[in-house]
Trainee: 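Structure in structure tokens, see below.
So you know, we letter chains A, B, ... as the sequences are listed, proteins then strands, and number each from 1.
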Amino acid sequence: MLDEIFENFVKNTIFKNKKAVQASYTPEIILHREKEINQIASVLAPSLRLEKPSNLFLYGVTGTGKTLSIRYVTNQLLEKAKENNVNLKVIYINCKLKKVADTEYRILAELLEYLGRKVPATGLPTDSLYKMFTEIINEKEMMLILILDEIDQAVDKIGDSLLYNLTRLDSSLTNSQISVVGITNRLTFVDALDPRIRSSLSEEEILFHPYNALQLQDILRVRAKEAFKDSIIDEGVLEKCSAYAAQEHGDARRALDLLRVAGELVERDSKKKVTLDYVDIAESKIEKDRVLDIVKSQPKQFQLTFLSIVENSKKNNGQSFHTGDVFERYSYLCTASKVKEITQRRISDIIGEFDMLGLITTKVISRGRGGKTREIKLAINPNLLEKVENILKENLNL
DNA sequence: CGAGATTCATGTGAAGTATACCTTTAGGCTTAA
DNA sequence: AAGCCTAAAGGTATACTTCACATGAATCTCGTA
């Protein structure tokens, strides 16, 4: 029985090279971003002569090719550097990843790890990490390009200090030079920065506009050709994927995800063709996976809080409710699952973090004499509620 | 009737605490010269 | 005397708590028209 399934899977695959429709893939040619790529390249080019390139900032909503473009350019740059014997290093850090790089310390630790120095997760003073960092870099002459992706997330959480220190770091280096590339999907991000940091950090700025539906189609076509075997994809599938993604501010990553997941689903059903229906199924699966992944990876107290939010939302038929309600239910859940209770102060912060993750939307309102509070609304598809609730309950032994 | 005071429920900031983990240091024991 | 191990001392980051004050519109109070 199993043999048959595996056999089927091996033989009947519809993918030629699935990597090509994965978000992390860097294709040979990048469509509709020539201008931006050239700009980036000309900003970073001085590094080949060991001259410090200007610091650079890339803006644009998600899935507009920011990460892709910078990756592409730096890859080429690295090759060129190798040819010319230039000691160039590029470090890419995604600041959003929780538990990996969401505090100043952890970002630095990540940085040092790239440079080949293991750092303990706790215990060392932050300045000593800076010291180690400068030491390593100063050991021999080199040019360092530091890419901080989703930097807005980090600054929200830990403030400007990291950026400030990084820009200052540059002056304490004698042998080497460092330039920072910041990537953010919030257009207003730089305005909120301290003016000093702002001027030194965003010497050059490049704005990435969203793709329109036609451009998305082009991109999908190229990628699909590489990823799938011939004539697997039905008429109109690519168009539908791009249309969906274009609705959501032209997010190419989303379009690719749709296509890939649709393909995976087809494969699982051991069908031969990717049809339009599968795009719809993929659409709901992606949403589901995203939510479940986030929810599952949260620590216990967060899960309890979220369960409380879900139950409140259910009780109120999707209408909004307040911090007090959440805490009350949370408190009950703690007793039920024999978990130590956390204060309301902390719950308030946790609710704020869920807001940042996009699982809920909150708004601070004043209800006059009813006091000031947060109005909380669940922002996930109602069909998922049951599932989320069950998983949480299971995780928490309820 | 309207200006100003009051009130409520919680937001928000700062400082403090517990925990887990790190480095440094000093002592104690072992080993080899 | 040198080398190695261990435990204590002193330090940090993180997650959380405690304390204290800030908010801001509905509601109340009270002097006035």
Trainee: Which whole-number value in Å describes the distance from Lys340(A) NZ to dC16(C) C1'?
Mentor: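 It works out to 8 Å between those atoms.
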Trainee: Can a side chain N or O of Arg374(A) be found less than 4.0 Å away from OP1 or OP2 on dG11(B)?
Mentor: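 Yes, because at least one side-chain N or O of Arg374(A) sits under 4.0 Å from OP1 or OP2 of dG11(B).
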Trainee: How long is the span from the CZ atom in Phe321(A) to the CD atom in Glu375(A), to the nearest 0.5 Å?
Mentor: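 If we round to the nearest 0.5 Å, Phe321(A):CZ and Glu375(A):CD are 10.5 Å apart.
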Trainee: Tell me, do Phe306(A) and Ile360(A) make a side-chain contact under 4.5 Å, heavy atoms counted?
Mentor: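 In contact.
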Trainee: In whole Å, what is the span from the CG atom of Leu129(A) to the C1' atom of dG11(C)?
Mentor: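 Whole-Å distance recorded here is 14 Å.
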Trainee: Can you find a side chain N or O atom of Ser348(A) that sits less than 4.0 Å from OP1 or OP2 on dT10(B)?
Mentor: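 No, no such contact exists.
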Trainee: In this structure, how many angstroms lie between the C1' atom of dC8(B) and the NE2 atom of His322(A), rounded?
Mentor: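 Going from His322(A) (NE2) to dC8(B) (C1'), I get 13 Å.
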Trainee: Would you say that Leu292(A) contacts Lys387(A) through its side chain, given a criterion of any heavy-atom pair below 4.5 Å between the two side chains?
Mentor: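 A side-chain contact under 4.5 Å exists here.
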Trainee: Check every atom of dT10(B), dA26(C), dT17(C) against the side chain of Thr373(A) and return the nucleotide holding the closest atom.
Mentor: dT10(B)
Trainee: Base, sugar-phosphate, or nothing: which does Thr126(A) touch, judged by heavy atoms less than 4.0 Å apart?
Mentor: sugar-phosphate
Trainee: What is the distance, to the nearest angstrom, from the CG atom on Leu124(A) to the C1' atom on dA20(B)?
Mentor: 13 Å
Trainee: Of all the choices, dT10(B), dA13(C), dC16(C), which nucleotide is nearest to the side chain of Tyr105(A) once you look at every atom?
Mentor: dA13(C)
Trainee: Can you tell me the distance, in whole Å, between the CD1 atom of Ile365(A) and the P atom of dA22(C)?
Mentor: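 Roughly 22 Å, once rounded to whole Å.
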Trainee: If you only use heavy atoms from C-beta on, which nucleotide in dG24(C), dT10(B), dT12(B) is closest to the side chain of Gln344(A)?
Mentor: dT10(B)
Trainee: What nucleic acid atoms does Glu341(A) come within less than 4.0 Å of, heavy atoms only: base, sugar-phosphate, or nothing?
Mentor: sugar-phosphate
Trainee: Report yes if a side-chain nitrogen or oxygen of Ser366(A) is closer than 4.0 Å to either non-bridging phosphate oxygen (OP1 or OP2) of dC8(B); otherwise report no.
Mentor: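 For dC8(B), neither OP1 nor OP2 has a side-chain N or O of Ser366(A) closer than 4.0 Å.
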Trainee: Rounded to whole angstroms, how far apart are CZ on Arg345(A) and P on dC21(C)?
Mentor: 15 Å
Trainee: In whole angstroms, how far is the P atom of dT7(B) from the NZ atom of Lys372(A)?
Mentor: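 Distance check: Lys372(A) NZ to dT7(B) P gives 19 Å.
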Trainee: If you count heavy atoms of other groups shown closer than 6.0 angstrom to OH of Tyr114(A), is the number above 12?
Mentor: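 Yes.
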Trainee: Do the side-chain N and O atoms of Ser179(A) and Asn55(A) include a donor-acceptor pair separated by under 3.5 angstrom?
Mentor: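 No, no side-chain donor-acceptor contact under 3.5 Å.
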Trainee: Taking only side-chain N and O atoms of Thr343(A), does any of them lie within less than 4.0 angstrom of OP1 or OP2 on dT17(C)?
Mentor: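 Yes, such a contact exists.
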Trainee: May I have the distance from Arg369(A) (atom CZ) to dT27(C) (atom P), rounded to whole angstrom?
Mentor: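 In whole Å, dT27(C) P and Arg369(A) CZ are 8 Å from each other.
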